[in-house]
S.K.: 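Shown below is the structure under consideration.
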Amino acid sequence: MTSNAAPPARRSRSGPPLPVSFYARDTESVARELLGAVLECHTPAGLARGRIVETEAYLGEHDAACHAAAGLTRRTEPLYGPPGIAYVYRIYGMHWCVNAVTRASGSPSAVLVRALEPLEGMELMWERRPTARLERDLTNGPGKLCAALAIGAAHNGLPLQRSPLLIRAGQPVPDSAVEVTPRIGITRAADWPLRYLVRDSPFVSSTPSSFPRQPYRR
């Protein structure tokens, strides 16, 4: 196990919360530009946050892998809400996932935050992820990062511009450092290239060896 303290150089790479207008755009652009932003969660135990290094775009009712393909339900209601709110849901009955809702109200789409580079609150993350062996294991998956930051049902539908759950502007990632692949762990629309990651980051989740990988192009 590595030290529980985050290196000082990693602690100040964040700015103000991203405004609602950032999310009120096409989902692919938001997914790309969330790379480098900082996700943080405030709890009574303290603050934990990390730099976003991997995202996936889910495009709406026509996207068979998006929850909105089922239409408006009690579960998917936040997807149909205003941009810039959190859509938090549970998978396999045990893991939480956090998404940022995009586009206009009534246009259900979101960006899944898939992996973080831990920045602050390392001691809390180790406590919440006792099975992690290496620092990268704390947050290199959507369920892992939610556990590490204590993100759960209480955050569903909350705005991402204020405590307890925020996404702040961070250090921009140049296009040359971004890679695009198909989304992971889905069976429908599985070949759509909508997963964005920071190339060579040790904190991203594993990419299947069979996946095509391509540089990002605007």
S.K.: So how far is it from Arg128 CZ to Cys146 SG, rounded to the nearest 0.5 Å?
M.R.: 11.5 Å
S.K.: Within a 6.0 Å radius of atom CZ on Arg218, are there more than 12 heavy atoms belonging to other residues, nucleotides or ligands?
M.R.: yes
S.K.: Nearest 0.5 angstrom please: Arg51 CZ to Leu116 CG, how far?
M.R.: 10.5 Å
S.K.: Under a 3.5 Å distance rule, please check whether Ser201 uses its side chain to pair with a backbone N or O of Val198 as donor and acceptor.
M.R.: no
S.K.: According to a 4.5 Å side-chain heavy-atom criterion applied to Ile, Leu, Val, Met, Phe, Trp and Tyr, with indirect links allowed, do Val30 and Leu18 form part of one hydrophobic cluster?
M.R.: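 Same cluster: Val30 reaches Leu18 through Ile, Leu, Val, Met, Phe, Trp or Tyr contacts under 4.5 Å.
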S.K.: Are Leu39 and Leu165 packed together at the side-chain level, in the sense that at least one heavy-atom pair is separated by less than 4.5 angstrom?
M.R.: yes
S.K.: Answer yes or no: is there a side-chain heavy-atom contact under 4.5 Å between Tyr196 and Glu54?
M.R.: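 Not in contact.
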S.K.: Is the closest side-chain donor-acceptor distance between Arg199 and Ser176 under 3.5 Å?
M.R.: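 No - no donor-acceptor pair under 3.5 Å links their side chains.
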S.K.: Give the C-alpha distance, both sets of side-chain angles, the deciding distance and a yes or no for salt bridge (Lys or Arg N to Asp or Glu O under 4.0 Å) between Arg217 and Asp175.
M.R.: CA-CA 7 Å; Arg217 296 284 185 268; Asp175 288 348; over 6 Å; no
S.K.: So Ile52 and Ile167, do their side chains get closer than 4.5 Å, heavy atoms only?
M.R.: yes
S.K.: side-chain contact (heavy atoms from CB on, under 4.5 Å), that's the test. Do Val101 and Ile85 meet it? Break it down for me.
M.R.: CA-CA 6 Å; Val101 174; Ile85 66 172; 3.7 Å; yes
S.K.: Could you check if a side-chain atom of Asp191 sits within less than 4.5 angstrom of a side-chain atom of Pro182, using non-hydrogen atoms only?
M.R.: no
S.K.: Taking side chain to side chain donor-acceptor pair (under 3.5 Å) as the criterion, tell me which of Ser29, Ser107, Ser109 meets it with Thr102.
M.R.: Ser109
S.K.: Is there a donor-acceptor contact under 3.5 Å from the side chain of Arg168 to the main chain of Val38?
M.R.: no
S.K.: Kindly work out whether a path of hydrophobic side-chain contacts (I/L/V/M/F/W/Y, heavy atoms less than 4.5 Å apart) joins Ile186 to Leu112.
M.R.: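 Yes, it is one cluster - the side chains of Ile186 and Leu112 are joined through contacts under 4.5 Å.
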S.K.: Under a 4.5 Å side-chain heavy-atom rule over Ile, Leu, Val, Met, Phe, Trp and Tyr, are Trp96 and Leu124 clustered together?
M.R.: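 Result: no, two separate clusters.
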S.K.: Shortest non-hydrogen contact from Leu79 to Cys66?
M.R.: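 Shortest heavy-atom contact: CD1-SG, 4.4 Å.
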S.K.: Any Lys/Arg nitrogen of Arg25 or Glu33 sitting under 4.0 Å from an Asp/Glu carboxylate oxygen of the other?
M.R.: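 Between Glu33 and Arg25 there is a salt bridge, with a charged N closer than 4.0 Å to a carboxylate O.
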S.K.: So, does Arg114 use its side chain to make a donor-acceptor pair with the main chain of Leu197 at under 3.5 Å?
M.R.: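 No, because the side chain of Arg114 does not come within donor-acceptor range (under 3.5 Å) of the backbone of Leu197.
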S.K.: Just checking, is any N or O donor in the side chain of Tyr80 or Glu61 under 3.5 Å from an acceptor N or O on the other one?
M.R.: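 Distance-only check passes for Tyr80 and Glu61.
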S.K.: Main chain of Leu145, side chain of Thr139: is a donor-acceptor contact present, judged purely on distance under 3.5 Å?
M.R.: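 No; zero donor-acceptor contacts below 3.5 Å.
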S.K.: Do the side chains of Lys144 and Leu138 get nearer than 4.5 Å, heavy atoms only?
M.R.: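 Counting from C-beta outward, Leu138 and Lys144 never come under 4.5 Å.
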S.K.: Should the heavy atoms of other residues, nucleotides or ligands under 6.0 Å from CD of Glu77 be counted, would the total exceed 12?
M.R.: no
S.K.: Which atoms form the tightest heavy-atom contact between Thr76 and Gly71, and what is the distance?
M.R.: OG1-O, 2.8 Å
S.K.: Given 3.5 Å as the limit, does a donor-acceptor pair link the side chain of Tyr58 with the main chain of Val111, or not?
M.R.: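 No.
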S.K.: Could you check if a side-chain atom of Leu149 sits within less than 4.5 angstrom of a side-chain atom of Met125, using non-hydrogen atoms only?
M.R.: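 A side-chain contact under 4.5 Å exists here.
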S.K.: Can you check whether Leu35 reaches Val178 side chain to side chain, under 4.5 Å on heavy atoms?
M.R.: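 The answer is yes, as the side chains (C-beta and beyond) meet within the 4.5 Å cut-off.
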S.K.: Between Glu56 and Arg183, does at least one N-O distance fall below 4.0 Å, as a salt bridge requires?
M.R.: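 No salt bridge links Glu56 with Arg183.
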S.K.: Would you say the side-chain atoms of Arg103 pair up with the backbone N or O of Leu59, donor to acceptor, closer than 3.5 Å?
M.R.: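 A pair under 3.5 Å: yes.
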S.K.: Begin from the C-alpha positions of Thr181 and Arg195 and carry the test side chain to side chain donor-acceptor pair (under 3.5 Å) through to its verdict.
M.R.: CA-CA 5 Å; Thr181 81; Arg195 174 178 174 244; 3.0 Å; yes
S.K.: Could you report the tightest heavy-atom contact between Trp192 and His62, atom names first, then the distance?
M.R.: CH2-O, 3.9 Å
S.K.: Kindly work out whether a path of hydrophobic side-chain contacts (I/L/V/M/F/W/Y, heavy atoms less than 4.5 Å apart) joins Val53 to Val180.
M.R.: yes
S.K.: Search all heavy atoms of Ser205 against all heavy atoms of Asn140 and return the closest pair with its distance.
M.R.: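 Where Ser205 meets Asn140 most closely, the heavy atoms are CB-O, 3.2 Å.
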S.K.: Would you sort out whether His67 and Tyr89 count as a ring-ring contact (aromatic ring centres under 6.0 Å, His included), showing the intermediate values?
M.R.: CA-CA 10 Å; His67 289 173; Tyr89 59 84; 4.4 Å; yes
S.K.: Looking at every non-hydrogen atom in both residues, tell me the closest pair between Leu158 and Ala154 and how far apart they are.
M.R.: CD1-O, 3.6 Å
S.K.: Can you tell me how far CZ of Arg136 sits from CZ of Phe203, rounded to the nearest 0.5 angstrom?
M.R.: 8.5 Å
S.K.: Using every non-hydrogen atom in the two residues, find where Pro130 and Glu127 come nearest and quote the distance to one decimal.
M.R.: CD-O, 3.6 Å
S.K.: Going hydrophobic residue to hydrophobic residue with side-chain gaps under 4.5 angstrom, can you get from Leu34 over to Ile184?
M.R.: no
S.K.: Report yes or no: does Asn156 contribute a side-chain atom to a donor-acceptor pair with the main-chain N or O of Ala153 at less than 3.5 Å?
M.R.: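 Between the backbone of Ala153 and the side chain of Asn156 there is no qualifying donor-acceptor contact (under 3.5 Å).
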S.K.: Please check if atom CZ in Arg188 has more than 12 non-hydrogen atoms from other residues, nucleotides or ligands closer than 6.0 Å.
M.R.: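 It does not: Arg188 CZ has 12 such atoms or fewer within range.
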S.K.: If we only count heavy atoms from C-beta on, is the Tyr87 to His155 side-chain gap below 4.5 Å?
M.R.: no
S.K.: If you apply the rule salt bridge (Lys or Arg N to Asp or Glu O under 4.0 Å), what do you find for Glu120 with Arg49, and how did you get there?
M.R.: CA-CA 5 Å; Glu120 191 170 350; Arg49 62 180 186 148; 3.0 Å; yes
S.K.: Does the Ser105 side chain pair with the main chain of Pro83, one donor and one acceptor, at a distance under 3.5 Å?
M.R.: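 The answer is no, because no donor-acceptor pair under 3.5 Å joins these two groups.
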